[in-house]
Amino acid sequence: MSSAGTLSLRVGASERVRRSRGGRWLAIALVGLILVSLAARLSLLLRSSWLLEGDDALSALMALSVLDGDRPIMLKNQTYAAAWEPYAMAVTYAVLGISRVSAKLPALLGSLALIGTTCLLAREVAGTAAAWFAGLLAALPPVYVLVLSLKPWAPYTEVILFGSLCVTCALRLAWPDGRTDVESSRPGAAGRPRGAYSTNGSRRARRDGWWALATGVCGGLALWMHPLAVCYLIAAFLLLVARARGGRWPMIATAGLAGFGLGSLPFWLFNVQTGGATFRFVAGGTQGQTADRGAVLAAWWNNDLPRGAGLWHPWGPSPPLLAAAMAVFVAIGVLCALLARRRISLRPLDGVLMLLVLMPTLLVFSGFGGPALNPYGFDATGRYTPPIWSALAVVLGAVLGVVWQVRRYLAVGLSLVPLAVNAAGLLTIDPLEAFQSPYWDRLPADNAPLLAILRDEHVGAVWMNHWAGQPVMFDARANGQPLIAYDWYDVQAGGIDRYPEYRPLAEQAERPAFVLVTDEVEPELEHTLRFMGISFVERRASAYVVVIPTSRPVHPSEVTGAIDYRY
């Protein structure tokens with residue numbers, strides 16, 4: 001063999017060894033990323049005793065009905081939110097049994113899946129290095145965003161998942177030659193074409209058709225999840241309008257609309273059945289609070305944006321110094337992205353930057369942001385903040401990816417700023433407080449003592465605040481203990497009747513009880529019953545006071561004022 005042939009073999013062998021080592025390190029890094037992400041999330045769930053609040057428990061209870069044959073399209077009394085979690089929970093119940101862990105497992109998996117969709121979107125925008133940095137930021141997001149991604153109350157996480165995939169597929173259509181990588185901007189770089197796009201017209205058309213179909217399906221599913229998906233739909237549409245050439249539009253439009261119709265089919269079926277209930281809700285706003293749009297925007301800027309960007313959270317200390325560091329990092333990152341996007345071939349980032357503008361715009365003009373103006377100070381719009389970080393992770397990952405091409409150690413050092421701030425929040429948070437409902441925050445970690453009392457007293461129906469009653473019902477059924485809880489006062493005061501079928505069952509129960517959430521020595525109900533000359537049994541467990549009338553049944557209409565919002 002000639003010396004040239006020997007040298008060629010040696011070079012080839014050396015290249016194979018290098019690639020093998022690179023692949024090994026890549027696998028190790030990927031496993032490490034997943035383990036760190038899982039550890040952060042399990043830490044919160046375990047420390048909170050896998051707490052389910054009232055809205056979480058509504059989905060968990062609906063999942064039990066799914067096992068019994070019910071097939072809901074939207075969540076109970078929520079004409080705008082898909083019944084995604086109940087179906088996912090039903091699967092985990094069937095496999096693992098009914099428990100809090102099974103109820104929260106779909107949310108945990110969805111939270112982890114966000115890392116993957118963020119990486120995919122960042123890779124389409126700015127390449128491999130950007131994808132890794134964005135993945136790190138998604139793996140350890142601000143603790144406020146992290147907590148919300150683990151709550152199975154409505155499919156807010158799934159909106160981000162399918163919406164991100166929709167925009168990713170649209171980017172594939174908008175830049176079919178694959179020149180979205182910042183590496184292609186370096187001198188001598190030729191880009192990374194994804195395969196003979198310009199050489200075969202029929203192949204190009206088929207490719208357009210498949211990616212348009214995927215864009216439509218993901219966008220349709222996102223719309224079914226929640227109307228906030230409109231942000232992603234508009235961003236994807238504008239990307240295609242700006243980039244797709246006229247000759248490609250027939251295939252893109254046909255396949256895209258077909259996919260959208262397929263993905264959003266449950267949404268349309270529900271609205272046909274209900275006479276456009278979702279549209280009526282969105283058009284009418286929420287709670288009628290849409291008049292002062294400037295105030296809604298101010299609330300988003302002052303509250304939702306800082307929480308979504310990781311500047312502070314309400315469940316523990318948020319040191320001003322850390323908030324300032326995060327604010328500076330985010331502001332400089334977004335500014336750099338805006339200034340450098342065209343010069344360094346980051347034009348695909350326009351789609352993600354549009355998302356950051358569309359999010360507050362939709363909240364202001366749809367009415368979903370209206371509840372931020374409630375007079376009680378409830379955190380009624382925080383649930384809409386996770387998409388902020390998902391978009392920021394891509395933007396910041398793209399900027400860090402550019403720095404990586406020039407100074408790798410600098411890029412790694414800069415990425416530690418948001419990761420350190422987010423880790424500090426994770427370590428100092430009170431998880432039990434964090435997983436409470438923003439509307440009602442007095443649930444104990446464990447309902448077992450209350451359930452033991454009800455079992456000992458042979459009580460199968462209770463009059464009880466629904467924020468506590470629905471989690472208690474779920475815990476009871478998870479332990480094979482039949483229990484019905486009905487919130488009389490909230491319905492009488494104009495609240496939502498979540499389980500109207502339970503009212504007659506509670507009224508006909510042989511030994512119904514009143515369950516109050518209070519630490520008062522003598523709740524008003526007990527004073528009222530004594531004044532009425534009715535004897536009763538009182539039992540206490542943790543945060544609960546169980547009052548069981550014994551001389552005669554007492555209908556809640558007789559004592560409505562004594563079972564009000566205080567309890």
Side-chain angles (χ1 to χ4, degrees), residues 52-54 57-58 60-62 64-65 68 76-77 439-440 442-444 446-567:
L52 291 171
E53 48 101 330
L58 182 66
L61 290 168
M62 287 183 67
L64 297 175
S65 299
D68 292 335
K76 265 181 170 292
N77 300 295
Y439 300 97
W440 196 87
R442 295 157 59 191
L443 278 174
D446 187 9
N447 285 320
L450 171 62
L451 294 176
I453 289 175
L454 298 178
R455 185 173 55 250
D456 292 345
E457 295 290 344
H458 305 290
V459 172
V462 297
W463 305 104
M464 188 177 186
N465 164 4
H466 71 273
W467 294 112
Q470 287 172 184
V472 169
M473 272 198 295
F474 175 78
D475 286 341
R477 296 179 190 184
N479 289 283
Q481 182 177 344
L483 180 68
I484 291 171
Y486 187 81
D487 190 342
W488 167 269
Y489 181 83
D490 189 59
V491 173
Q492 300 307 307
I496 299 172
D497 195 350
R498 291 162 178 83
Y499 285 98
E501 64 272 26
Y502 285 175
R503 175 178 169 176
L505 297 177
E507 290 174 332
Q508 297 164 15
E510 292 184 5
R511 191 175 168 82
F514 293 90
V515 178
L516 312 175
V517 185
T518 182
D519 57 1
E520 295 175 343
V521 176
E522 184 182 53
E524 184 177 341
L525 175 63
E526 295 183 358
H527 176 76
T528 301
L529 291 176
R530 288 194 180 96
F531 179 79
M532 296 169 62
I534 297 173
S535 59
F536 58 88
V537 172
E538 180 208 85
R539 298 286 301 275
R540 291 181 180 252
S542 184
Y544 301 112
V545 176
V546 182
V547 179
I548 310 171
T550 54
S551 57
R552 71 168 177 86
V554 176
H555 193 274
S557 60
E558 301 177 73
V559 292
T560 300
I563 54 173
D564 58 20
Y565 288 131
R566 291 172 292 171
Y567 306 104

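One-based numbering along the sequence shown.
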### Query
Is there side-chain contact between Gln470 and Tyr499, with heavy atoms separated by less than 4.5 Å?
yes
### Message
Would you say Tyr567 and Glu524 are linked by a side-chain donor-acceptor pair, where the criterion is simply a distance under 3.5 Å?
### Response
no
### Side chain to side chain, Ser557 and Trp488, heavy atoms closer than 4.5 Å
yes
## Note on the structure
Heavy atoms of Val521 and Arg540 approach each other most closely as O-NH2, 2.8 Å
### Query
Does some side-chain heavy atom of Glu53 sit less than 4.5 Å from a side-chain heavy atom of Tyr439?
no
### Heavy-atom check, side chain of Arg530 versus side chain of Glu522, under 4.5 Å
yes
### Query
Do Val517 and Trp467 have side-chain heavy atoms sitting under 4.5 Å apart?
no
### Query
So, do Tyr486 and Asp497 sit near enough that their side-chain heavy atoms are less than 4.5 Å apart?
yes
### Message
For Glu501, I'd like to know if atom CD has over 12 heavy atoms of other residues, nucleotides or ligands within 6.0 Å.
### Response
yes
### Query
Do any N or O atoms from the side chain of Arg498 and from the backbone of Lys76 form a donor-acceptor pair under 3.5 angstrom?
no
### Message
Could you check whether any side-chain N or O of Arg477 sits under 3.5 Å from a backbone N or O of Leu483, counting only pairs where one atom can act as donor and the other as acceptor?
### Response
yes
### Query
Is the His466 to Trp440 ring centre distance short of 6.0 Å?
no
### Message
With heavy-atom distances below 4.5 Å as the criterion, would you say the side chains of Phe514 and Val554 are in contact?
### Response
yes
### Sub-4.5 Å side-chain heavy-atom contact between Tyr544 and Pro449
no
### Query
Is there a donor-acceptor pair under 3.5 Å between the side chain of Asn479 and the backbone N or O of Gln481?
no
### Query
Checking Gln492 side chain against Thr560 main chain: does a donor-acceptor pair fall under 3.5 Å?
no
### Task
Mark yes or no for whether Ser535, through its side chain, and Thr550, through its backbone, hold a donor-acceptor pair below 3.5 Å.
no
### Message
For a quick check under 3.5 Å, do Asn465 and Tyr565 share a side-chain donor-acceptor pair by atom type?
### Response
no
